[in-house]
Amino acid sequence: MQKILVSRCLLGHRVRYDGGAHGPFDLLQQWLDEGRVVALCPEVAGGLPTPRPPAEIPGGRGSAVLDGQLPVLTIDGEDVTAAFVDGAEQALALVREHGIALALLKARSPSCGNLENYDGSFSGARVAGEGVTAALLKRAGVKVFNEEQLLEMAQALAELDAG
Ligand code: SF4
């Protein structure tokens, strides 16, 4: 059975920067019941506390963080790049350990966002981009979806199951 990597906050785990969580999502519960879900919060895995100050990537591109071209900064200006990269590498290790090809990650997170991100101004402005973990998983060939793409994720999973 194909396993999937899932952002912990989408499973109701209160690991968001503000101590919150998301869900429940019916499809996710089904995948949990099937034993497919490998859960990770990259920021907590990288050593950050909960709650924690919000962080953004100036310009929103996690791939540039991986290349050492951009930092991840908290709203207080603290550089938390190392923790974000550490969490992304732990996500990649899990993907390799479990042979994972699909991930369901939280939209618009500086770690997990797959399509867009906040722009680093902490104003709520969005830009096209991705979080650090999403960028690293994409580089490794993992297809990354967010919680607003559950049906597309289900379709991709069904295709993988069908072999
Ligand atoms: Fe953790 Fe990702 Fe959820 Fe942020 S979006 S709380 S890094 S799992």
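Counting starts at 1 for both ligands and their atoms, following the listed order.
Residue contacts with ligand 1 for Arg52 involve side-chain atoms from C-beta outward but no N, CA, C or O (heavy atoms, distance under 4.0 Å). For Ser109, every heavy-atom contact with ligand 1 shorter than 4.0 Å involves the side chain, none the backbone. Under 4.0 Å from ligand 1, the heavy atoms of Arg8 that appear belong solely to its backbone.
Looking only at distances, no side-chain donor or acceptor of Ser111 sits under 3.5 Å from a matching main-chain atom of Val132.
Close contacts of ligand 1 with Pro42, meaning ligand atoms under 4.0 Å from a residue heavy atom, involve 2 (Fe), 7 (S), 8 (S). The atoms of ligand 1 that sit less than 4.0 Å from any heavy atom of Val15 are 6 (S). Each of the atoms 6 (S) of ligand 1 lies under 4.0 Å from some heavy atom of Arg16. Residue Glu43 approaches ligand 1 through these ligand atoms, each under 4.0 Å from one of its heavy atoms: 4 (Fe), 7 (S).
Taken to the nearest 0.5 Å, the CZ atom of Phe84 stands 12.0 Å off from the CG atom of Leu66. For the atom pair CG (Leu105) and CG (Asn146), the distance works out to 8.5 Å, reported to the nearest 0.5 Å.
Between Asp67 and Arg61 no salt bridge is recorded (no basic side-chain N to carboxylate O distance below 4.0 Å). Between Arg108 and Glu148 there is a salt bridge, with a side-chain nitrogen of the basic residue lying less than 4.0 Å from a carboxylate oxygen of the acidic one.
At the shortest separation from atom 3 (Fe) of ligand 1 among protein heavy atoms lies Cys9 SG, 2.3 Å. For atom 1 (Fe) of ligand 1, the closest heavy atom belonging to the protein is Cys41 SG, 2.3 Å.
For the residue pair Gln30 and Asp26, no side-chain donor N or O sits within less than 3.5 Å of a side-chain acceptor on the partner.
Here Cys112 does not reach atom 1 (Fe) of ligand 1: none of its N/O/S atoms is less than 2.8 Å from the metal.
Ser121 and Glu56 make their closest contact through N-OE1, 3.4 Å (heavy atoms, listed as atom of the first residue, atom of the second, distance).
Between His13, Arg108, Glu147, Lys106, it is Lys106 that holds the heavy atom closest to atom 5 (S) of ligand 1.
Other residues, nucleotides and ligands contribute over 12 non-hydrogen atoms within 6.0 Å of the NZ atom of Lys138.
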